[in-house]
Amino acid sequence: MVRYGELSTKGRNKKNFIDRLGNNVRKALHDFSDVKVHANPDRLHIILNGADSTAVMKRLKLVFGIQTFSPSLRVEKDFAAVCQAAKTLIAKQVDRPMTFKVETKRSDHDFAMGTFEMNRELGGYLLQEFPELLTVDVHQPDIEVRVEVRLNGIFLTSEIIKGAGGLPVGTAGKGMMMLSGGIDSPVAAYLALKRGVSLEMVHFYSPPYTSEQALAKAKELTGKLAQYAGSIRFIQVPFTEIQETVKEKVPEGYLMTVQRRFMLRLAVELANRRRGLAIFNGESLGQVASQTMESMRAIEEVTDMPVLRPVLSYDKTEIIKIAEDIDTYELSILPYEDCCTVFTPPSPKTKPNMAKAAKYESWLDVDGLMERALAGIQIEEIHAGQEFLNQNEDVFAELL
């Protein structure tokens with residue numbers, strides 16, 4: 001049984017959110033062929049039909065839009081069956097002395113036992129079955145056995161498991177995520193997904209300056225994030241010609257600014273072509289030269305599309321903590337440089353002048369460079385957990 005949490009505040013749009021969550025859960029559980037998902041207005045119910053409950057719950061923990069969920073048992077409307085089901089649930093949880101209470105709700109008022117009688121009789125039965133481990137505490141119990149008497153049977157739960165929270169992916173529109181191989185952008189992508197954004201990853205690569213391992217790392221990071229979305233499209237954009245041209249013709253202090261203006265233009269053009277509503281990136285205010293407010297303004301001047309920065313106010317320690325929690329940190333720190341780092345000048349402007357940036361760009365064939373880069377894009381659908389780096393290589397093993 002799955003509880004919605006934040007979805008309960010969505011008013012008239014609630015049905016759309018619930019339908020989307022139901023589809024996302026089905027996608028997350030697609031390889032459990034016997035599992036059935038029923039997205040109802042009050043709760044989402046998953047019927048296992050013999051599937052491994054532990055494996056199913058592991059997947060559910062990653063689905064955004066789920067506040068909590070509980071493993072539950074359905075039995076016929078017979079008190080002996082209720083007792084046996086409650087004993088089964090409790091036995092999986094009690095490994096030391098604990099307190100408990102029974103809470104019964106009844107929507108089938110033709111059932112012989114009332115709520116008070118059920119609480120008393122079932123409570124007494126469990127005390128007899130676990131005499132050394134259970135005591136009653138009706139105010140703050142360690143375990144609450146919940147019994148719901150419905151028309152189609154009696155349902156029991158005794159455990160509440162925390163879900164991923166947030167909103168179902170896809171309910172907040174589509175965005176283009178500028179994904180590097182570093183620590184910050186995968187965390188920013190995770191936070192955007194958590195707010196319901198459907199993301200497509202845009203990754204710039206510059207062979208031969210960037211390696212195949214750097215590209216594979218970005219794809220594998222996408223595979224980590226796809227656990228929260230089922231699958232994510234990965235768009236690789238060739239960037240070598242642009243970087244070489246900018247390095248040749250633009251003053252060193254403005255290399256970074258002009259390169260990033262090109263990156264943003266390309267991401268915006270992809271968003272326009274693919275019905276994206278905003279650009280997302282992993283910028284954190286003041287962390288590096290390109291992430292001062294002056295630099296952000298000079299780079300963002302090239303578009304009027306919203307540029308959203310989920311980790312803007314996070315410090316590095318906070319970002320690393322999230323990266324560790326979502327299992328992207330170890331991948332991110334592998335020393336395969338992306339195009340954002342291999343062409344970084346020693347002294348980039350931290351307060352670039354927008355007029356000068358525009359002037360230096362006027363020396364370039366901006367439209368031609370853009371057109372050729374966009375002609376060379378490759379799009380790939382990446383699924384949860386997909387691996388691209390050769391983890392059998394000795395070098396890779398040593399780095400980890």
Side-chain angles (χ1 to χ4, degrees), residues 175-192 195 197 199 201-204 206 209-210 218 237 239 242-243 245-269 271 278-323 328-329 332-333 337-364 366 369-370:
M176 315 305 286
M177 180 73 218
M178 298 172 70
L179 182 76
S180 72
I183 298 170
D184 301 344
S185 58
V187 171
Y190 165 81
L191 294 173
R195 296 314 301 162
V197 179
L199 290 178
M201 303 302 181
V202 179
H203 179 74
F204 300 93
S206 296
Y209 306 105
T210 57
V237 183
F239 205 60
I242 291 175
Q243 288 197 289
T245 305
V246 171
K247 184 173 176 59
E248 177 187 351
K249 297 186 176 182
V250 172
E252 185 178 86
Y254 278 80
L255 290 181
M256 178 194 63
T257 303
V258 174
Q259 286 177 24
R260 290 185 180 274
R261 283 162 67 101
F262 267 103
M263 288 179 174
L264 184 54
R265 283 191 179 96
L266 288 164
V268 168
E269 180 57 29
I279 306 300
F280 289 76
N281 65 36
E283 291 178 340
S284 173
L285 186 61
Q287 190 173 123
V288 295
S290 65
Q291 296 175 17
T292 64
M293 283 199 287
E294 292 85 354
S295 282
M296 290 179 185
R297 187 182 179 201
I299 295 164
E300 200 170 330
E301 184 196 22
V302 302
T303 183
D304 58 3
M305 182 173 283
V307 179
L308 306 180
R309 302 171 172 90
V311 297
L312 181 74
S313 63
Y314 287 55
D315 63 35
K316 199 67 176 183
T317 302
E318 293 170 320
I319 295 171
I320 288 173
K321 175 63 169 62
I322 298 174
T328 58
Y329 179 72
S332 293
I333 62 175
E337 291 187 302
D338 57 44
C339 66
C340 296
T341 56
V342 295
F343 276 80
T344 301
S347 300
K349 289 284 186 182
T350 58
K351 298 181 179 181
N353 180 282
M354 287 189 289
K356 286 185 178 181
K359 173 187 173 182
Y360 299 142
E361 282 183 346
S362 70
W363 301 349
L364 312 175
V366 173
L369 289 166
M370 289 269 298

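Worth knowing before you read on, the calculation uses all heavy atoms, side chains too, and leaves out hydrogens, waters and symmetry mates.
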Checklist entry - Does a side-chain heavy-atom distance below 4.5 Å link Thr350 with Glu294? => result no
Checklist entry - With a 4.5 Å heavy-atom cut-off, do Phe239 and Thr210 have their side chains touching? => result no
Item to check | Pairs touching residues 248-267 that satisfy ring-ring contact (aromatic ring centres under 6.0 Å, His included), sequence neighbours left out | outcome: Tyr254-Tyr360
Next on the checklist: Tell me the closest heavy-atom pair linking Ser332 and Pro186, and the distance in Å.
Outcome noted: OG-CG, 4.1 Å
Checklist entry - Will you find, in the side chains of Ser185 and Ser180, an N or O donor that is under 3.5 Å from an N or O acceptor? => result yes
Checklist entry - Does Gln243 reach the side chain of Gln259, with side-chain heavy atoms less than 4.5 Å apart? => result yes
List the atom pairs, with distances to 0.1 Å, where a side-chain N or O of residues 302-313 and a protein N or O form a donor-acceptor pair under 3.5 Å, not counting sequence neighbours.
| residue | atom | partner | partner atom | Å |
| --- | --- | --- | --- | --- |
| Thr303 | OG1 | Met305 | N | 2.9 |
| Arg309 | NE | Glu283 | OE1 | 2.5 |
| Arg309 | NH1 | Glu300 | OE1 | 3.3 |
| Arg309 | NH1 | Val307 | O | 3.4 |
| Arg309 | NH2 | Glu283 | OE1 | 3.3 |
| Arg309 | NH2 | Glu300 | OE1 | 3.0 |

Next on the checklist: Contact between Lys316 and Ile183 at the side-chain level, heavy atoms closer than 4.5 Å - yes or no?
Outcome noted: yes
Checklist entry - Under 4.5 Å between any side-chain heavy atoms of Tyr190 and Thr328, yes or no? => result no
Next on the checklist: Measuring only between side-chain heavy atoms, which start at C-beta, is Ile279 closer than 4.5 Å to Leu264?
Outcome noted: yes
Item to check | Val250 side chain reached by Trp363 side chain, heavy atoms, under 4.5 Å | outcome: no
Next on the checklist: Taking the side chain as everything from C-beta on, heavy atoms only, tell me whether Met263 gets closer than 4.5 Å to Asn281.
Outcome noted: no
Item to check | Test applied, side chain to side chain donor-acceptor pair (under 3.5 Å); reference residue, Glu361; option that passes from Arg261, Lys356, Lys249 | outcome: Arg261
